[in-house]
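Here the structure is a predicted model, which is why all the values come from computation and not from measurement.
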Amino acid sequence: MTAPETETLRTQRRSPRPPAWRGQVPVVAVVALGGAVGATARYALTLWWPAPPGGFPWATFWTNVVGCAVMGVFMVVITDVWAAHRLVRPFFGTGVLGGFTTFSTYAVDIQRLVDLGHPRTGLAYLAATLLAALATVWLAMTAARRVLKWRQP
């Protein structure tokens, strides 16, 4: 004889669900595609505006600052204004902007500056990028919200 609890467990059947990876394949694909676009744009910018040895890496600095500003506006638009398709945020936010902005190059630039005997420039770059990125994303979000509020009837 079985306990009543085990009897009900045996009779409950779940409806078949597709494997979890099937729902994630499109997300991974759009992140990869967006990342390729963003990383290519960043690489092109660093080729166009190279940093001299021991000099401040302006291309990477402005890449990160501009990327933060765009991310701030983008997040306000897709959360407050526009019900975006489920793949827009992974493609543009994670992919394009994630590939465009760069923490790894930022870290390598700091290490290179220190190794070349320019620790003050490396420290200034470290602090300036951090402060500018945080301030820019906040300012962009605030400005976007104000513009959107102002435009509403």
Shortest non-hydrogen contact between A124 and F56, atoms and distance = C-CE1, 4.3 Å
Smallest heavy-atom separation, A84 atom then I78 atom, equals CB-CG2, 4.1 Å
Sorted by chain and residue number, the side chain to side chain contact (heavy atoms under 4.5 Å, CB included) partners of A132 (sequence neighbours excluded) come out as F61, V65
Would you kindly confirm whether M71 and L45 end up in one hydrophobic cluster when ILVMFWY residues are joined by side chain heavy atoms under 4.5 Å apart?
-> no
Atom OG1 of T129 and atom CG of L134: how far apart are they, to the nearest 0.5 Å?
-> 10.5 Å
What's the spacing between T79 OG1 and M141 CE if we round to 0.5 Å?
-> 6.5 Å
Report all side-chain donor-acceptor pairs from residues 116-123 shorter than 3.5 Å, counting only partners two or more places apart or in another chain.
none

Counting heavy atoms not belonging to W49, are there more than 12 under 6.0 Å from its CH2?
-> yes
With F91 as partner, the option from V31, V30, L97, V27 fulfilling side chain to side chain contact (heavy atoms under 4.5 Å, CB included) is V30
Tell me, please, which residues at least two apart from A69 pass side chain to side chain contact (heavy atoms under 4.5 Å, CB included).
-> T136, A140
Correct closest heavy-atom pair for R86 and P26 would be NH2-CG, 3.8 Å
Applying the 4.5 Å side-chain criterion to the ILVMFWY set and letting contacts propagate, would M75 and V88 be lumped into a single cluster?
-> yes
Are V70 and L139 connected in the hydrophobic side-chain network, where two residues link if heavy atoms are under 4.5 Å apart?
-> no
Pairs satisfying ring pair (Phe, Tyr, Trp, His ring centres under 6.0 Å), at least one member in residues 64-89, at least two apart = F74-F92
Taking only residues two or more places apart in sequence or in another chain, which ones pass side chain to side chain contact (heavy atoms under 4.5 Å, CB included) with T142?
-> W138, R146
Donor-acceptor list for residues 103-114 side chains, cut-off 3.5 Å, not counting sequence neighbours:
| residue | atom | partner | partner atom | Å |
| --- | --- | --- | --- | --- |
| S104 | OG | T102 | OG1 | 3.4 |
| T105 | OG1 | R42 | NH1 | 3.3 |
| T105 | OG1 | T102 | OG1 | 3.0 |
| Y106 | OH | L126 | O | 2.7 |
| D109 | OD2 | T60 | OG1 | 3.3 |
| D109 | OD2 | Y125 | OH | 3.3 |
| Q111 | NE2 | D115 | OD1 | 2.8 |
| Q111 | NE2 | D115 | OD2 | 3.4 |

